[in-house]
Every structure is written in C-alpha cells, then in structure tokens.
**Q** 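Sharing a structure below in structure tokens format, with a few things to ask.
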There are 2 protein chains.
Amino acid sequence: MAQKNKLQFIILGLLNQQPLTGYDLTKAFDTEIGEFWQAQHSQIYPQLKRLEEQGYVTHEITVSGAKLEKKLYHVTATGAELLRQWITVGTPDLTATKDEFILKLYFIHSNRDPRLPMMIQEQLRLHTDKLVHLRQRMTVVFPDKALIEAHYGHYLILQHAIGRENYYVTWLKQTLAALPAEQ
Amino acid sequence: MAQKNKLQFIILGLLNQQPLTGYDLTKAFDTEIGEFWQAQHSQIYPQLKRLEEQGYVTHEITVSGAKLEKKLYHVTATGAELLRQWITVGTPDLTATKDEFILKLYFIHSNRDPRLPMMIQEQLRLHTDKLVHLRQRMTVVFPDKALIEAHYGHYLILQHAIGRENYYVTWLKQTLAALPAEQ
DNA sequence: TCTAACATGTAAATCGTTACATGATTGG
DNA sequence: CCAATCATGTAACGATTTACATGTTAGA
C-alpha cells in the first residue's frame with residue numbers, strides 16, 4: 001500500500017556507500033540518481049531528522065572554516081539492516097509511468113491531426129538529448145570495464161535507461177514516419 | 001511548474017469523447033488509461049466540482065430506477081478549448097520514471113549478490129504478465145484495423161506500451177543470462 | 001433475498017514542490 | 001569585495017492515497 005516512504009531507503013542506500021551531509025544528498029538527487037528519483041532539500045533535511053530519531057542514522061558535526069557546521073550523516077547497524085530488508089523483500093508493484101506526452105496522444109483521435117508531427121518532433125528532440133546525455137554519463141561513470149565490477153547495479157540501471165530511451169526514440173521515429181503525407 | 005493539475009485535463013479529455021459520471025471516470029482510470037495514469041474517486045469527485053465551478057463542465061441529473069440520481073457530466077465550449085490548448089502547447093518536461101526495482105538495483109554493488117537472480121526473475125514474471133495483458137488489450141480494443149483510424153492516439157499509446165514492456169522483458173532476460181554462474 | 005456492482009461524497013494523512021529564510025565559505 | 005556555491009532549515013501549498021461514510025439497483 002501507499003508509497004511506503006521510499007525516500008528513506010534511498011537516503012539509507014546513499015549513506016551506506018559513504019557518510020554524506022544533507023547538502024551532499026541533495027546533490028546526489030540531481031546527478032547520481034536524478035535519472036530515477038528526485039527529491040528537494042526541503043524533503044531531505046526533515047527525513048534525515050526522522051531517520052535519526054528512529055535510530056537508523058547518526059550524525060557528527062564537522063566544522064569548515066571558522067564557524068560553518070556541517071552534519072555528516074552515517075548509517076547505523078539497524079539502518080543498514082533496514083536497507084538490506086527493503087532490497088531483499090519483493091517489489092511486486094509496477095509503478096505506472098505518468099508520461100504527459102503519452103497522455104496527450106490518447107486524446108488525439110486522427111492520424112491527420114495537424115499537431116501530431118510537431119508534437120512527435122518535440123519529443124524526439126527531448127528524448128534524443130536525454131539519450132545523448134545518458135550515453136555521455138556511461139562513459140564518465142564507467143570509463144573502463146574494471147569499474148563495472150564494483151558498481152554493478154549502477155552500471156545495470158544506466159544501461160537500462162539507455163536502452164529505454166533508445167526504444168523511445170526509435171518508436172518516435174517510426175511513428176513520425178508512419179504519419180500520412182501532409183495534404 | 002509543479003504538476004499543473006494534469007487530472008483536470010484527463011477528465012476533460014475523457015468527457016470530450018462522451019458524457020460520463022464520476023463513477024464512469026473512476027472506472028476509466030482502472031481500464032482505459034490505467035496504464036498511463038491513475039486516480040481514485042476521492043480525487044475525481046472534487047475535481048469535477050471545481051471544473052464545474054470554473055465553467056469547464058456541466059452536469060445533468062439522470063435517474064436510474066426509483067431514486068438513484070446520477071450526475072452525467074459534459075464538457076462546455078470553454079472546457080473543450082482548455083483541453084485543446086493543453087494538447088497544443090509543448091510538453092518539455094520528461095518525467096523521471098520512479099521504478100522501485102531499478103532503485104534497488106542501484107544499491108547492489110556486486111554481480112555476485114545472491115539476491116540478484118531472484119529479484120530479476122520476479123520482475124521478469126511481472127513484466128511478462130503485463131506484456132501479455134497489454135497484447136490482449138490490443139486485440140480487444142482494436143480487433144480490426146478499421147478501428148485504428150478513429151482512435152489513432154489510443155492505438156499509438158498501446159503500441160508504445162507494448163514496445164516498452166517488450167524492451168523491459170528483453171533487458172531482464174539478458175541481464176539474468178549475463179550473471180555469473182552460481183558458485 | 002441477498003450480493004455485487006453502481007453511485008457519490010468527505011476526512012485524514014502522506015508525499016512532493018515551491019517559496020521563504022538565513023548565514024558561511026571559497027575563489028576570482 | 002563580490003558572487004557562486006556551500007549549508008541548513010521551515011512554511012505553505014498542492015497532489016495523491018487510504019480510510020470513512022452512505023445509500024441504490026440489478027440480477028442471480
């Protein structure tokens with residue numbers, strides 16, 4: 001039921017790799033896993049506080065410069081166990097993709113609708129850009145094959161995302177080509 | 001920005017095809033477009049009320065049996081115009097897919113993690129079932145090609161969903177096959 | 001007659017985004 | 001010295017889910 005607060009597990013998973021501040025976590029949601037999940041700092045700081053109250057993480061304060069206090073968060077043993085359990089239990093709920101473009105398509109009834117070509121071309125640009133970005137990221141994160149061994153999951157999901165975008169682009173091209181010639 | 005209340009447009013789009021009750025709309029979110037968006041009746045009834053206050057829909061009351069009053073909603077001219085605008089403006093925001101399984105994969109570091117085979121097999125079952133269901137739906141909704149003409153968008157998104165699931169299943173099979181042999 | 005499906009609503013809680021608010025540090 | 005980035009929080013709003021609540025109708 002519900003969404004079962006997945007954010008907490010993502011935070012635990014990230015902290016389990018290395019201690020991080022709330023700020024670091026926020027950045028990770030832009031870069032590392034931004035492809036698969038997003039969260040703002042306004043969600044992250046309160047969640048860290050709750051995780052600490054529940055004993056899943058602790059923090060130590062480090063001081064930069066003269067007075068800036070940073071809270072560096074660590075996963076506790078029970079936190080690591082909670083993470084392990086989340087990964088180990090089944091994942092039976094396939095989340096429906098909420099794709100606004102696809103939704104709009106549903107309401108277009110004729111393949112002669114004059115808006116179709118431009119709509120598809122826009123998505124083609126967007127998804128092509130995303131595909132380029134993902135392939136770029138693959139070369140940046142995994143410059144040589146030795147690194148794949150130690151971050152296999154990360155490699156898999158990048159590869160998966162590339163394949164997914166590749167399919168999307170291919171489908172858009174086919175759909176565009178199959179439209180009736182303009183009158 | 002934000003999510004800009006897409007629900008209102010979906011409701012307008014559905015009502016634009018034919019007048020429906022709140023109950024009918026709720027069912028449509030389970031079957032018709034459940035693949036691409038979900039909403040519960042607790043979201044739909046208040047939204048219908050707001051759309052009516054804003055003049056985008058109206059309702060007429062029809063009576064079934066002795067006393068059951070149904071509210072049959074219609075799109076108004078301004079409602080149809082609002083729908084037209086939503087479809088016509090660009091759709092530049094690609095929503096990141098929030099796939100819990102993919103998220104879990106990210107936190108698995110070794111391709112020898114003993115949980116990997118069972119995790120992938122579970123997803124393989126789920127996505128294969130979904131693929132079967134989508135293909136079944138295609139034959140039910142479009143038993144002959146003549147129907148595609150009149151519901152082209154619906155055809156496209158079903159075809160897209162089938163291709164997407166097909167890719168997912170293929171990728172899962174490949175990933176499973178590429179795992180190191182059990183020790 | 002009884003049960004599944006029809007039909008419509010509200011309340012409470014949670015999740016997520018945007019905006020508000022403040023201050024420190026680093027490098028040019 | 002100034003701007004970009006680092007760093008941490010809260011408030012308000014909107015979106016979504018789950019639960020509460022009630023009554024009718026059609027068909028077996």
Side-chain angles (χ1 to χ4, degrees), chain A residues 1-11 15 19-31 33-34 36-54 57 59-73 93-98 100 103, chain B residues 1-11 15 19-31 33-34 36-54 57 59-73 93-98 100 103:
Chain A
M1 29 189 87
Q3 256 128 288
K4 242 345 229 84
N5 193 359
K6 283 158 200 151
L7 179 61
Q8 65 181 323
F9 300 118
I10 304 169
I11 290 176
L15 293 182
L20 296 169
T21 66
Y23 188 82
D24 295 331
L25 284 166
T26 303
K27 274 193 306 179
F29 277 93
D30 288 339
T31 56
I33 54 172
F36 307 100
W37 208 271
Q38 326 83 239
Q40 280 69 44
H41 75 274
S42 59
Q43 230 185 327
I44 291 166
Y45 288 113
Q47 184 64 65
L48 279 169
K49 192 186 264 183
R50 276 196 298 277
L51 282 169
E52 185 155 41
E53 281 164 11
Q54 294 167 313
V57 304
H59 77 268
E60 65 180 305
I61 289 178
T62 65
V63 178
S64 297
K67 20 180 159 165
L68 184 61
E69 295 194 343
K70 297 203 263 186
K71 294 184 179 175
L72 197 62
Y73 283 90
D93 298 319
L94 304 185
T95 39
T97 29
K98 295 194 163 184
E100 191 175 2
L103 211 48
Chain B
M1 8 215 109
Q3 256 129 289
K4 245 337 232 94
N5 194 359
K6 281 159 200 150
L7 179 63
Q8 64 181 323
F9 300 118
I10 304 169
I11 290 176
L15 293 182
L20 296 169
T21 66
Y23 188 83
D24 294 332
L25 284 166
T26 303
K27 273 193 307 178
F29 278 92
D30 289 339
T31 56
I33 53 172
F36 307 100
W37 208 272
Q38 326 82 243
Q40 279 68 43
H41 75 274
S42 59
Q43 227 185 331
I44 290 166
Y45 288 113
Q47 183 65 65
L48 279 169
K49 192 186 262 182
R50 276 195 298 277
L51 283 169
E52 185 155 39
E53 280 162 13
Q54 295 167 314
V57 305
H59 77 266
E60 65 179 305
I61 291 178
T62 64
V63 179
S64 296
K67 18 179 159 165
L68 185 62
E69 296 194 342
K70 295 203 263 187
K71 293 183 180 177
L72 197 62
Y73 284 89
D93 299 318
L94 304 183
T95 39
T97 30
K98 295 194 163 183
E100 191 174 4
L103 210 49

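In what follows, chains carry the letters A, B, and so on, assigned in the order in which the sequence lines appear, proteins first and then strands, with residues in each chain numbered from 1.
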**Q** Partners of A/Q43 by side chain to side chain donor-acceptor pair (under 3.5 Å), sequence neighbours excluded?
**A** none
**Q** Please report, rounded to the nearest Å, how far the P atom of C/dT25 is from the CD atom of A/E69.
**A** 10 Å
**Q** From the list D/dT16, C/dT17, D/dT5, which nucleotide is the closest neighbour of the side chain of A/K98?
**A** D/dT16
**Q** Going by side chain to side chain donor-acceptor pair (under 3.5 Å), name the residues that satisfy it together with A/T62, two or more places apart in sequence or in a different chain.
**A** none
**Q** Nearest-Å distance, CG (B/L25) to P (C/dC6)?
**A** 14 Å
**Q** Starting from P on D/dT25, measure out to CG on B/L68 and report it in whole angstrom.
**A** 5 Å
**Q** Indicate, with a heavy-atom threshold strictly under 4.0 Å, whether A/S42 touches base, sugar-phosphate, or nothing.
**A** base
**Q** Can you give me the closest heavy-atom contact between B/I11 and B/Q47, atom names plus distance?
**A** CD1-CG, 3.7 Å
**Q** Please determine whether a side-chain nitrogen or oxygen atom of A/Q43 lies at a distance below 4.0 Å from atom OP1 or OP2 of C/dG16.
**A** yes
**Q** Is any side-chain N or O of B/K70 closer than 4.0 Å to OP1 or OP2 of D/dT25?
**A** no
**Q** Which nucleotide in the set D/dA7, C/dT17, D/dT24 lies at the smallest distance from any side-chain heavy atom of A/D24?
**A** D/dA7
**Q** Given D/dC6, D/dT16, C/dC15, which nucleotide is nearest the side-chain atoms of B/W37?
**A** D/dT16
**Q** In this structure, how many angstroms lie between the C1' atom of C/dT8 and the CZ atom of B/F29, rounded?
**A** 16 Å
**Q** Find the distance B/K67:NZ to D/dT24:P and express it as a whole number of Å.
**A** 4 Å
**Q** Going by heavy atoms closer than 4.0 Å, what residues in residues 44-52 of chain B are next to DNA chain D?
**A** none
**Q** Are any of B/T21's side-chain N or O atoms less than 4.0 Å away from OP1 or OP2 of C/dT8?
**A** yes
**Q** How close do A/G34 and B/A96 get, counting heavy atoms only, and between which atoms?
**A** O-CB, 4.1 Å
**Q** Under 3.5 Å, is there a donor-acceptor pair linking the side chains of B/Q38 and B/D30?
**A** no
**Q** Between C/dT8, D/dT8, C/dT25, which nucleotide gets closest to the side-chain atoms of B/K71?
**A** C/dT8
**Q** Is there a side-chain contact between B/Y73 and B/T21 in this structure, where contact means two heavy atoms from C-beta onward sitting under 4.5 Å apart?
**A** no
**Q** For B/T26 and A/Q40, find the nucleotide of DNA chain C closest to each by heavy atoms; which residue's nucleotide sits nearer the 5' end?
**A** B/T26
**Q** Nearest heavy atom decides the nucleotide; on that basis, is B/K27 or A/V63 closer to the 5' end of DNA chain C?
**A** B/K27
**Q** Could you check how far CD of A/Q38 sits from C1' of C/dC15, rounded to whole Å?
**A** 13 Å
**Q** Kindly say if A/K4 contacts the phosphate of C/dC15, meaning a side-chain N or O under 4.0 Å from OP1 or OP2.
**A** no
**Q** When rounded to the nearest 0.5 angstrom, what is the spacing between CZ in A/F29 and CD1 in A/I44?
**A** 5.0 Å
**Q** Just the rounded figure in Å: distance from P of C/dA7 to CD1 of B/I61.
**A** 14 Å
**Q** How many angstroms lie between CD in A/E100 and NZ in B/K6, if you round to the nearest 0.5 Å?
**A** 4.5 Å
**Q** Rounding to a whole Å, what distance do you find between A/H41:NE2 and C/dT22:P?
**A** 14 Å
